[in-house]
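Below is one structure, written out as structure tokens; comments come after it.
Letters go in sequence order (proteins before strands), and every chain restarts at 1.
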Amino acid sequence: MELSKNYIPSATEEKWYKHWLDKKYFNSTPDERPSYTVVIPPPNVTGVLHMGHTLNETVQDILVRKARMSGFNACWVPGSDHASIATEAKVVQMLKEQGIDKNTLTREEFLKYAFQWKEKYGGIIYSQIAKLGCSVDWNRTTFTMDDHYYKAVIKVFVDLYNKGLVYRGARMINWDPAAKTALSDEEVEFKDIVGKLYHIEYKLEDENGNPIAPLHGGAGITIATQRPETIMGDTAICVNPNDERYAHLKGKFAIVPLIYRRIPIIFDEYVDPTFGTGALKVTPAHDINDYNLGLKHHLEVVDTLNEDGTLSEAAQIYVGVERFAARKKILVELKEKGYFIKEEEYPSRLGYSQRSGAVVEPRISTQWFLKMKEMAGPALSAVVNGDIKIHPGEKFLATYKYWLENVKDWCISRQLWWGQQIPAWYDEKGNVFVAETEEAASLKLQASSLEQQNAERLQPGAGSLKLTQDADVFDTWFSAWLWPMEVFNGISDPGNKEVDYYYPTSVLVTGQDIIFFWVARMIMAGTHYEKVKPFNDVYFTGMVRDKQGRKMSKSLGNSPDLLDLIDKYGADAVRFGIMISSPAGNDLLFDEASLEQGRNFNNKLWNALKLVKMWEARQMAEETKEIVDDSFELTDETKQLFGEIDQLPHDAPLDHANFSIAWFANRLQQVRAEVEVLYSQFRLSEALKVIYSLIWDDFCSWYLEWVKPGFEQPIEDEVYSKTIHFFEELMQLLHPFMPFITEEIYHLLSEKQDDLCIKQFAAIKATNNEVVAGGELLKQVISALRDARNKSQLKPKETIKLYIQSENNQVYKNIESILQKQVNAETINYVNETVPNATVVAIEKDKFYIESERKADTETIRTELLKDLEHQRGFLQSVIKKLNNERFVANAKVEVVELEKKKQADAEARIKTIEESLANLV
RNA sequence: GGGUUGUUAGCUCAGUUGGUUUAGAGCAUCACGUCGACAACGUGAGGGUCACUGGUUCGAGUCCAGUACAACCCA
């Protein structure tokens, strides 16, 4: 079989994803194995995956695939969120483009359009998830408006209402004038702006309506406001009772400019005398603080804005004018009429709607609320007790705690159509009946009418039974918070077999930006309804930023298209690139260079495959010629290494292949153990780095070179099969990160009945550190000798004569053939004294002499040696200083002192070696 | 204003209970290299005293305090 020059991902990826689906590897049903459950954070149904999702899904897939290969019944549930505001806004926009005004449609007509829209675009995210290689159970795909899910949301609302945890009332809420709906506190994003503070004078009157003598030369009292368009809603002026400037105004009145309404001067310590003029205009309808002040002082509430942000009839002037346009006009008029004093710049913060971007308006409105204090307690203790572990570390614990301890009631109603309609019905008198269905509500109404009739003897005919359902829908998060339960029908069918098996889920992987929107509320719902946490671990990924550190956003246009990236680099490379640059919990700077690194890694794997396939061909060729070379076999010692690695005879002579195989076998186990620890700590980026280096450096750069047969030479059967075995194990180790290429190579290495996707990891064996250290020494010697060759400007083809001066020649005899090949030595000899006229390289206590045709550059060598000598002497000095410190010797642990002594001996020996080498230079 | 986190090589980051050599990796840089796995590559090399100040300790990148700067969250 001919292998292409470079790895081509596209065909491979499609082939294997289809194969895995055909084999139903991703489908899970409860069985006797332990479950490993992950629910996907449902993306917006009509959205596309951005880089943040890509990171999230990749992390989840790695964890799920790892679990599936480690004896767990892995179940990853995909799905999407109806995203009420975002989707409705998109549908409204689409209708507008078709010339259709939402207001001319009935609810049913609108929903028909919305569902058409969902059908058309809802599949995009799913195809992207598939392209990325995510091993989700497609049979379990859930949408937050599926029938059972819809019913579950309704059921929960009714239940919470019956428990007294839900109430309806007029409160000050955040109003989005563009989407014309209420928002929760979490849906408001604050931005720093430089606003203006306008100073405006109000005329004063006494209780009899007579003008009061001018203050400070003016004709009244000056207030400072950022929002002059709200003055028509003023119902008081408030000053601090301790502010002597205004003490004489007790019981007096101010006149609102332009509309000339008389409003009282009130006194409250809330007002900061040092801010502005020390006098505050109070507009209870349009500011939360003013609202509270109004409640306290029983002030009138004048709402001067319509729901679309234009001025209302109550404003009396500029009715119908948009709020910011009205501000300009009012300022002009205030100036004309002499009420305007001055304006100044003022750094401030303004709330914007997370979805529509409109400036949010505080507004008094009748909405449904969920009492949060009662829900917060168990959710707080679940995390504080450590039942739910947050990764990384405790970084988010303080934030989480603070939010839950200070949480306010949650406004759950939205003035939209796309979502679960609130199951509350009103009779003609405005009485409310909450029930799961209209029939149930109707029964409640009848019951209550009967009671009333009996109690109050209502006139016959007054109690009409006509009911109207609340037009509003629920906040999207009021459905999303049930996600881990209801994907297994845990709410609609409590205690069913599936929810018992899969819930609580294993780990939730999500962005830290939705910790309050979603994570905290899922914990609330979970602890409330299942009486248990919804997940054992939470893994917060960082935010994906561009190279310059900016947030990725549509408006900046700096978010790349996922499918484009996959086309260009392949899914494996995208996964690699995003994972390698993503330390747990930290923001990651997305740079396409890391995807290139991933693609290059693919290629490296591919080329390694080509190399061993070439060996296979040679091996087979030899067999057909029946010139079977059976002179090689694994020594007992090497075999022992595979069985009981601990018992390597110290002086066992090893040939190059046995040495290489024993070394790599141990190195592999060492890394596997390391990776296992990293997985348990969710340090996936580091795990990938370790695997990457094991494959590229240890396997490709060292091991394959060491066992490589000579030019056009056949390879030993045993070496070949061990190499294939190593390669397969490496592919298995890498598979969760890069599933496609690893599966492909696994199958190309040899004929397979099974698939890597579900191949179970073998138990990790103990590592023989001595064997690993032997390999490290060999690497070090080879690198140092190559460096010396380079420094002497020897061409790769030029051979050298190598002389080794060591106290333990056996160590080098074991690796002699490898060494010879790797440094291109024609001979290797062992000596007991210095070799004149040779370049000398000192490693540990051993010396290596290089003799070549080319004359050694003694000056360079001398400089190098002197530099090394200086370094060693400095080091020795610091060690000696430490050892001469009596308090160190007295206080430090014995091992530490011993180590320092060894360091001293090593450094001294090394200095001696260098000095001898210097003396040897001519 | 309150809170959280961070500041280590040109860039992005590791450095897990303080002590295995006066700090590691990837990318970038430089030198050399192309007859057979790999130029999307190979072999080497250079580069930082760990933001700053002080403290604890026999010993601090690591612990504590303060300062500066940055990011994020909340009001």
Side-chain angles (χ1 to χ4, degrees), chain A residues 3 5-7 185-186 189-190 288 349 392-403 406 512-513 515-516 542-543 545 547 549 551 569 573 580-583 585-591 593-594 596-615 677-678 681 683 685-686 688-690 692-693 696-697 700-701 704-705 708 711-712 782-791 793-797 822-824 864 871-872 874-879 881-893 895-900 902-904 906-907 910:
Chain A
L3 294 173
K5 181 173 184 297
N6 289 332
Y7 174 64
D185 294 344
E186 288 68 37
E189 286 176 347
F190 288 91
I288 182 66
R349 284 167 65 89
E394 307 278 280
K395 197 172 168 183
F396 300 100
L397 186 61
T399 320
Y400 179 81
K401 224 176 131 176
Y402 182 85
W403 187 79
N406 296 281
Q512 47 192 272
D513 48 333
I515 180 166
F516 306 132
M543 265 193 311
R545 298 168 174 281
K547 229 168 148 182
K551 254 190 202 179
Y569 299 98
I580 202 82
S581 50
S582 161
N586 286 357
D587 289 356
L588 80 91
L589 301 188
F590 180 78
D591 185 348
S594 62
E596 270 175 47
Q597 197 189 341
R599 182 194 55 188
N600 295 353
F601 187 37
N602 276 338
N603 232 16
K604 188 72 183 178
L605 296 172
W606 193 248
N607 280 306
L609 172 72
K610 275 160 62 180
L611 178 67
V612 298
K613 291 311 273 185
M614 209 169 72
W615 294 349
V677 171
L678 292 170
Q681 298 169 333
R683 293 160 77 169
S685 174
E686 283 171 62
L688 177 56
K689 277 179 188 166
V690 169
Y692 174 78
S693 167
W696 198 305
D697 302 329
C700 293
S701 295
L704 289 180
E705 293 297 335
K708 196 185 231 175
F711 184 61
E712 299 209 327
I782 292 170
S783 288
L785 293 176
R786 281 172 173 170
D787 181 33
R789 289 183 54 116
N790 255 341
K791 295 251 161 66
Q793 296 184 313
L794 284 166
K795 300 276 176 215
K797 276 186 229 166
Q822 295 270 283
V823 302
N824 198 13
E864 290 275 323
H871 177 267
Q872 291 297 332
F875 174 67
L876 179 62
Q877 214 170 4
S878 78
V879 175
K881 197 177 150 196
K882 219 184 247 189
L883 285 168
N884 286 347
N885 184 334
E886 282 172 29
R887 287 192 292 179
F888 169 72
V889 181
N891 292 323
K893 279 181 279 184
E895 309 92 84
V896 177
V897 178
E898 282 306 310
L899 188 70
E900 290 300 319
K902 185 178 178 298
K903 280 191 209 168
Q904 182 185 5
D906 286 354
R910 181 141 173 84

**Study point:** Residue pair A:Ser693 / A:Asp697, side-chain donor-acceptor N/O under 3.5 Å
**Key:** yes
Looking at the side chain of [X], which of [options] is the nearest nucleotide?
{"X": "A:Lys689", "options": "B:U43, B:C58, B:C13", "answer": "B:C13"}
{"X": "A:Trp696", "options": "B:G42, B:U43, B:U20", "answer": "B:G42"}
{"X": "A:Arg887", "options": "B:C38, B:C58, B:A14", "answer": "B:C58"}
{"X": "A:Leu611", "options": "B:G44, B:A37, B:C27", "answer": "B:A37"}
{"X": "A:Asn891", "options": "B:G26, B:U20, B:C58", "answer": "B:C58"}
{"X": "A:Lys5", "options": "B:A37, B:G19, B:A39", "answer": "B:A39"}
{"X": "A:Asn600", "options": "B:A40, B:U43, B:C58", "answer": "B:A40"}

For atom [atom1] of [X] and atom [atom2] of [N], their distance in whole Å:
{"X": "A:His871", "N": "B:U49", "atom1": "NE2", "atom2": "C1'", "value": "12 Å"}
{"X": "A:Asp591", "N": "B:G10", "atom1": "CG", "atom2": "P", "value": "18 Å"}
{"X": "A:Phe590", "N": "B:C13", "atom1": "CZ", "atom2": "P", "value": "15 Å"}
{"X": "A:Glu596", "N": "B:A40", "atom1": "CD", "atom2": "P", "value": "10 Å"}
{"X": "A:Lys882", "N": "B:G18", "atom1": "NZ", "atom2": "P", "value": "15 Å"}
{"X": "A:Lys604", "N": "B:C38", "atom1": "NZ", "atom2": "P", "value": "10 Å"}
{"X": "A:Asn885", "N": "B:C58", "atom1": "CG", "atom2": "P", "value": "9 Å"}
{"X": "A:Asn607", "N": "B:G42", "atom1": "CG", "atom2": "P", "value": "10 Å"}

Practice item. Find the distance between OH (A:Tyr569) and OG (A:Ser594) and round it off to the nearest 0.5 Å. Key: 9.0 Å
Review point. Nearest 0.5 Å, what's the CG-NZ distance between A:Asn790 and A:Lys795?
Key: 10.0 Å
**Study point:** Heavy-atom protein contacts under 4.0 Å, nucleotides 70-75 of chain B, coded B base, S sugar-phosphate only, - none
**Key:** --SSSB
**Study point:** Contacts of type side-chain hydrogen bond (donor to acceptor under 3.5 Å, both in side chains), residue A:Asp185, not counting sequence neighbours
**Key:** A:Asn174
Pick base, sugar-phosphate or nothing for [X], based on heavy-atom distances below 4.0 Å to the nucleic acid.
{"X": "A:Ala892", "value": "base"}
{"X": "A:Ser701", "value": "sugar-phosphate"}
{"X": "A:Gln597", "value": "sugar-phosphate"}
{"X": "A:Asp787", "value": "sugar-phosphate"}
{"X": "A:Ser783", "value": "sugar-phosphate"}
{"X": "A:Asn6", "value": "base"}
{"X": "A:Lys795", "value": "sugar-phosphate"}

Study note, to complete from the structure: Residues at least two apart in sequence or cross-chain that pass ring-ring contact (aromatic ring centres under 6.0 Å, His included) with A:Phe888, listed by chain then number, are none
Sub-4.5 Å side-chain heavy-atom contact between [X] and [Y]:
{"X": "A:Asn824", "Y": "A:Leu794", "value": "no"}
{"X": "A:Gln512", "Y": "A:Ile515", "value": "no"}
{"X": "A:Phe601", "Y": "A:Ile580", "value": "no"}
{"X": "A:Glu900", "Y": "A:Val889", "value": "no"}

On a whole-Å scale, what distance lies between the [atom1] atoms belonging to [N] and [M]?
{"N": "B:U21", "M": "B:A37", "atom1": "C1'", "value": "37 Å"}
{"N": "B:G46", "M": "B:G61", "atom1": "C1'", "value": "23 Å"}
{"N": "B:G47", "M": "B:C52", "atom1": "C1'", "value": "23 Å"}
{"N": "B:G26", "M": "B:G42", "atom1": "P", "value": "11 Å"}
{"N": "B:G66", "M": "B:U5", "atom1": "P", "value": "14 Å"}
{"N": "B:U62", "M": "B:G15", "atom1": "C1'", "value": "9 Å"}
{"N": "B:G48", "M": "B:U7", "atom1": "C1'", "value": "14 Å"}
{"N": "B:U17", "M": "B:G6", "atom1": "C1'", "value": "22 Å"}

Below 4.0 angstrom from OP1 or OP2 of [N], is there any side-chain N or O of [X]?
{"X": "A:Lys610", "N": "B:C38", "value": "no"}
{"X": "A:Ser685", "N": "B:A14", "value": "no"}
{"X": "A:Arg599", "N": "B:A40", "value": "no"}

Check your understanding: Under 3.5 Å, is there an N or O donor on one side and an acceptor on the other linking the side chain of A:Glu705 and the base of B:A37?
Key -> yes
Point to revise | No-H, no-angle donor-acceptor pair, A:Arg683 side chain to B:U16 base, under 3.5 Å | key: yes
Solution key, residues 603-610 of chain A side-chain donor-acceptor pairs under 3.5 Å, sequence neighbours excluded:
| residue | atom | partner | partner atom | Å |
| --- | --- | --- | --- | --- |
| A:Asn603 | OD1 | A:Tyr7 | N | 3.2 |
| A:Asn603 | ND2 | A:Asn6 | OD1 | 3.0 |
| A:Trp606 | NE1 | A:Ser4 | O | 2.9 |
| A:Asn607 | OD1 | A:Lys610 | NZ | 3.3 |
| A:Asn607 | ND2 | A:Asn603 | O | 3.0 |
| A:Lys610 | NZ | A:Lys5 | O | 2.9 |

**Study point:** Results of side chain to side chain contact (heavy atoms under 4.5 Å, CB included) for A:Gln822 - residues two or more places apart only
**Key:** A:Trp702, A:Glu705, A:Trp706, A:Ile782, A:Arg786, A:Ile818
Check your understanding: Which comes earlier along RNA chain B counting from the 5' end, the contact point of A:Ala593 or that of A:Ala784, where each point is its nearest nucleotide?
Key -> A:Ala593
Practice item. Could you say whether A:Ala608 or A:Leu794 is positioned toward the 5' end of RNA chain B, judged by the nucleotide with the nearest heavy atom to each? Key: A:Leu794
**Study point:** Closest contact, heavy atoms only, A:Leu611 versus A:Lys708
**Key:** CD1-CE, 4.1 Å
Check your understanding: What closest approach, in Å, do A:Arg789 and A:Pro796 show between heavy atoms, and which atom pair accounts for it?
Key -> NH2-O, 3.4 Å
Exercise for review: Using both pair distances under 3.5 Å as the test, note the stems of at least 3 consecutive Watson-Crick or G-U pairs that include RNA chain B.
Suggested key: B:1-7 with B:68-74, B:10-13 with B:24-27, B:29-33 with B:41-45, B:51-55 with B:63-67
